[in-house]
Asks: 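Dumping the structure here so I can ask a few things about it.
Chain letters run A, B, ... following the sequence lines, proteins first and then strands; every chain starts at 1.
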There are 4 protein chains.
Amino acid sequence: MNKKEKIMNAAINFFSENGFDKSALDDIAKYAGVGKGTLYLYFKDKEDIYIKSIKYIFDKWIEKMDEVIKLDLNASEKLERYLDVNIKQITSNMTLAKILMREIPNFLLKLHKSNKMGPMKIYKKREKHLNMIIEQGINSGEFKNVNKGIMANIIIGSINSYVMKYIFHSDKICEKDFKEYKKIILGLVKKEVK
Amino acid sequence: MNKKEKIMNAAINFFSENGFDKSALDDIAKYAGVGKGTLYLYFKDKEDIYIKSIKYIFDKWIEKMDEVIKLDLNASEKLERYLDVNIKQITSNMTLAKILMREIPNFLLKLHKSNKMGPMKIYKKREKHLNMIIEQGINSGEFKNVNKGIMANIIIGSINSYVMKYIFHSDKICEKDFKEYKKIILGLVKKEVK
Amino acid sequence: MNKKEKIMNAAINFFSENGFDKSALDDIAKYAGVGKGTLYLYFKDKEDIYIKSIKYIFDKWIEKMDEVIKLDLNASEKLERYLDVNIKQITSNMTLAKILMREIPNFLLKLHKSNKMGPMKIYKKREKHLNMIIEQGINSGEFKNVNKGIMANIIIGSINSYVMKYIFHSDKICEKDFKEYKKIILGLVKKEVK
Amino acid sequence: MNKKEKIMNAAINFFSENGFDKSALDDIAKYAGVGKGTLYLYFKDKEDIYIKSIKYIFDKWIEKMDEVIKLDLNASEKLERYLDVNIKQITSNMTLAKILMREIPNFLLKLHKSNKMGPMKIYKKREKHLNMIIEQGINSGEFKNVNKGIMANIIIGSINSYVMKYIFHSDKICEKDFKEYKKIILGLVKKEVK
DNA sequence: TATGAATGAGCTTTCATTCAT
DNA sequence: GATGAATGAAAGCTCATTCAT
C-alpha cells in the first residue's frame, strides 16, 4: 500500500466514524503514519482528501459489482448475486455502511453546492447496473415488464434501508431475514409462474 | 411562535442547508431575532438545538402522517394517501428534503454514538405506520400476505430514493412519474385481480 | 485607552520591531491584554490590524505636523519647527523611526499590490505640508524661487536619511549635528542675504 | 552563470517582488532550475540567501558607481554622472527600485537585530562616494564649503525619494523632471557664479 | 554533488460557550 | 429573562529545513 492509499484508508476510517468536520487531519496523519504536511503532498486540502477517499472506497466497491454484472448468468441469478454483493459487502464492513448512510448524502450535497457534480457519476453506477439487470430480465422473458428506472430506485432504496437497519440492530440481522428479503425483491420483478 | 420555536425554525433553516458543523450559532441567533446568549436559556448546547430542532420538524411531519393513518379508508387508499403525504410534502419543501437526506442519517449516527437513542423512536414512526397499513390490507384481504417488516422497509427506502432524485433533478420530477411510482408500489402489495 | 487602541498599540510595538510576518497575533493579543479572538471583533484580519495600526500612529504624528502648519510664523521659522517636529519626534521614539524606515515602504508596496491605495494619502501629507511651507516662503520673498515639488522631496528624503542614521548610530546623533542639518536645509531654500 | 549566481538571481526576483517572508524557497529553487536541497549546499539558510543576494545585486550596482568615481572628471560632472548612474539605473529596473525601497531597510534592521552589521558596510558605499565627490569639489573650489556628511545624506535621501515616486508614478517621471532635479542638487553644492 | 519527499513547528482564523450587565 | 462582548481551544494549512538516496 503506497502512501496515498495509506492516507485514504486512514481518512475513510475517521470520516466514516465522525463525519467530515469532526475528523481532524492531525489524527488522520497520525493514523496513516505520516506527517501532517505529507497530506498536502498528495491532496490539495481536506475536502480533496474527503472526496478522493470516498471515491476510492466507492470505486473498489463498484469493481465488485461490475464483476457480477459481467458474469454469464440469467437475470434472476444475477440480481440475487447483485444483492449479495451489495448487502453482504456492506453489512460485513461497518465503515462502508456508515459511508453509504451518512457520507454519501453529505458528499453529494457538498458537490451539488459547489457545482462539482463530476464525481457524482459514481453514485449513478448502481442505478445503471440495476437497469441493465432488469433490462436483461425483461428481454429474456424472466421479468415482468416493469418501469426500469423506478424499479431500480426502489431496489436501491431498499438496500439503503436494509443497511440502516443493520447499523442500528446489527445483532438482529440474520441470514434468514436476508433470504426473505431477497425473495421479496425477486418477487417484485419476476413473472408469476402458474 | 414563541422564542423556542423561533430558534428551532432558524436552526432548521441553517442545519438543512449547511449541515451541523457549518451552521454557526451566531447566524441562527441573528436569524431567529434573539441574542446569542438566549440560545442557552432554551437549549443545553449546540447539539441539543440540533436534536430538538430535527425532532421538532419531524414531529410536525409525523402529525400529518398520523392524520392519514386515522382516516377511515381501505388499505390501498390509505397507502396511496400515505405516499402522497410523504412524497408531496417532501418534494414541495427542499428544507425537509435535505433534512431527510442528510441530517437524519447524521442525526441517528450521532445519537447512536452518544447512546442517546431515545429520540430515535421518531424515526421508527414511518416503519410503524406502514406496518399498520400493510397489516390492515392483509387482514382485509386487499393485500398479499407479504412480510410486513421487509415490505415497510422497501417502501421507506423507495421514498428516500425518490427524494434524493428530487434534490438533484427537481426539474425532471413530474406528476406522471409520481403516478407511475405509486402504481408500482401498490402493485407490490395488492393482490392480483383475475 | 479603549480596547481597539490597546490592540493597535500592541500591534505597532511588534510590527515595528519584527515586521509584519514575524509578528504573531498571539503575542499582540497577550501584550494588549485581550484574548486572541478579541482581535477579530475589532479587525477583519491580520492585515487589517497592520494597516489600521500604521495609519493610527501615522495620523497621530500627522496631527502634530498639522499644528505646526497652522502656526502664525514666517516660512523659515515654520520650516525649522517642521523639521523639529519631524526629526525630534522620530528620534525620540524608536518605534516610530522603525515604522517610518521599514514598515511604511513595505506598507505602500503591499497597498500598491492589492490596489488599495486609498490609505496612501497619509503618506502624501508630508509632501503637501512642505509644499505649503515652501510656497509661503516664496510668496513672502523669504525663499528662492525653487521647484516646490522637487525641493519637498529632497527635504523628505533627507529626513528619512537622518532617521536611518539615527537608528544605527543613535548615540552619535547630537544636538549640534541637528542644528547644522537644519541650517543646511534652510540654506537650500532661503535667499542669500547680501 | 554558476549555480550560486542562478540561485541569487532567482532569489532577488522573488524577494524584490514579495519581500522576505512571502518568498518561498520552493519557488526560488524552481525558478533557479535547481533542487530545493541544493540551496543548502550554497547557503546556510533562507536568511543567508537573502543577505548574500541583496549584497550580490548591491555589489554589482556599486561597481557601476565605482567606475564613475574613478573617471577623470571635475566634481560637478562627476556628481551629475553619479546621479545618472543612480537614478537611471534604478528607474530602469523595477527590481532594483523595490529592493532599494523596501528590502534595504528591512535588510539593515535584520542585520542590526542579529548584530551582524558586517555586510552593512555595503550600504555606506554611497555615503563614501558622495563624500569623495563633494570633497573633490570643495578642494577644487567648485563647491561651497558644505558639511560633507550631511550633504551626502541629503543627496542620498533625495535619490530614495525620487525612487519611491518612480515606483508609484512611473509613468509621470520624465526626462525633463530628472534634469530639473539634477540642476537643483548641483545647485545645492556648486558655488554661485557672479 | 544534487535531489525532492517528508516533516512538524508555528501560524491565522473560527466559533461554541461563558458571564457581567 | 435577555444580551453580546470576550474568550481560547482547536483546527487547517504553509514552508524552512532535513536526509536518504
Asks: Tell me which of D:D45 and A:F20 sits closer to the 5' end of DNA chain F, going by the nucleotide each one is nearest to.
Replies: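 Here A:F20 is the residue nearer the 5' end.
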
Asks: What is the per-nucleotide protein-contact pattern of nucleotides 2-11 of chain F, from the 5' end, where B denotes a base atom under 4.0 Å from a protein heavy atom, S denotes such proximity for sugar-phosphate atoms only, and - denotes neither?
Replies: BBBSBBB-B-

Asks: Run the side-chain donor-acceptor check on residues 25-42 of chain C: report pairs under 3.5 Å with partners two or more places apart or on a different chain.
Replies:
unit_1	atom_1	unit_2	atom_2	d
C:T38	OG1	C:G35	O	3.3

Asks: Report the distance from atom NZ of B:K30 to atom P of E:dC15, rounded to the nearest whole Å.
Replies: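 Roughly 12 Å, once rounded to whole Å.
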
Asks: Provide, to the nearest angstrom, the distance between the CD1 atom belonging to B:I28 and the P atom belonging to E:dT17.
Replies: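 Atom-to-atom, B:I28 to E:dT17, this comes out as 11 Å.
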
Asks: Tell me the closest heavy-atom pair linking B:E103 and B:F20, and the distance in Å.
Replies: OE1-N, 4.0 Å

Asks: Just to be sure I follow the notation: if a pair is Watson-Crick (purine N1 to pyrimidine N3 plus N6-O4 or O6-N4) or a G-U wobble (N1-O2 and O6-N3), each under 3.5 Å, what dot-bracket string does DNA chain F give, with | for pairs to another strand?
Replies: .||||||||||||||||||||

Asks: Expressed in angstrom and rounded to an integer, what is the separation of A:F43 atom CZ from F:dC13 atom P?
Replies: 13 Å

Asks: Testing the basics here: between B:P105 and A:M101, what is the closest heavy-atom pair and its distance to 0.1 Å?
Replies: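 Nearest heavy atoms, B:P105 then A:M101: CB-O, 3.4 Å.
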
Asks: Given atom CD1 of D:I7 and atom C1' of E:dT1, what is their separation to the nearest angstrom?
Replies: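 Going from D:I7 (CD1) to E:dT1 (C1'), I get 12 Å.
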
Asks: Over all heavy atoms of both residues, which pair between C:K46 and C:F15 is shortest? Give the atoms and the distance, please.
Replies: CE-CE2, 4.2 Å

Asks: Can you name the closest pair of heavy atoms from D:S16 and D:T95 and give their distance?
Replies: OG-CG2, 3.3 Å

Asks: Taking the nucleotide of DNA chain E with the nearest heavy atom to each, does C:K44 or B:Y40 sit closer to the 5' end?
Replies: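 Its nucleotide being nearer the 5' end, the pick is C:K44.
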
Asks: What's the CG-C1' distance between B:D27 and E:dT14, to the nearest Å?
Replies: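 Those two atoms, CG and C1', are 12 Å apart.
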
Asks: Just by distance, with hydrogens left out, do B:Y50 and B:N106 show a side-chain donor and acceptor under 3.5 Å apart?
Replies: yes

Asks: Tell me whether D:K52 forms a cation-pi arrangement with D:F43, defined as NZ or CZ under 6.0 Å from the six-membered ring centre and within 45 degrees of its axis.
Replies: no

Asks: Using whole Å, what does the distance between atom P of nucleotide F:dC15 and atom CG of D:N18 come to?
Replies: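 Taking atom P of F:dC15 as the reference, CG of D:N18 is at 11 Å.
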
Asks: Taking all atoms of both residues into account, what is the closest heavy-atom pair of A:N18 and A:S23, and its distance?
Replies: CB-OG, 3.9 Å

Asks: Any idea which heavy atoms bring C:I12 and C:S53 closest together, and the distance?
Replies: CD1-O, 3.4 Å

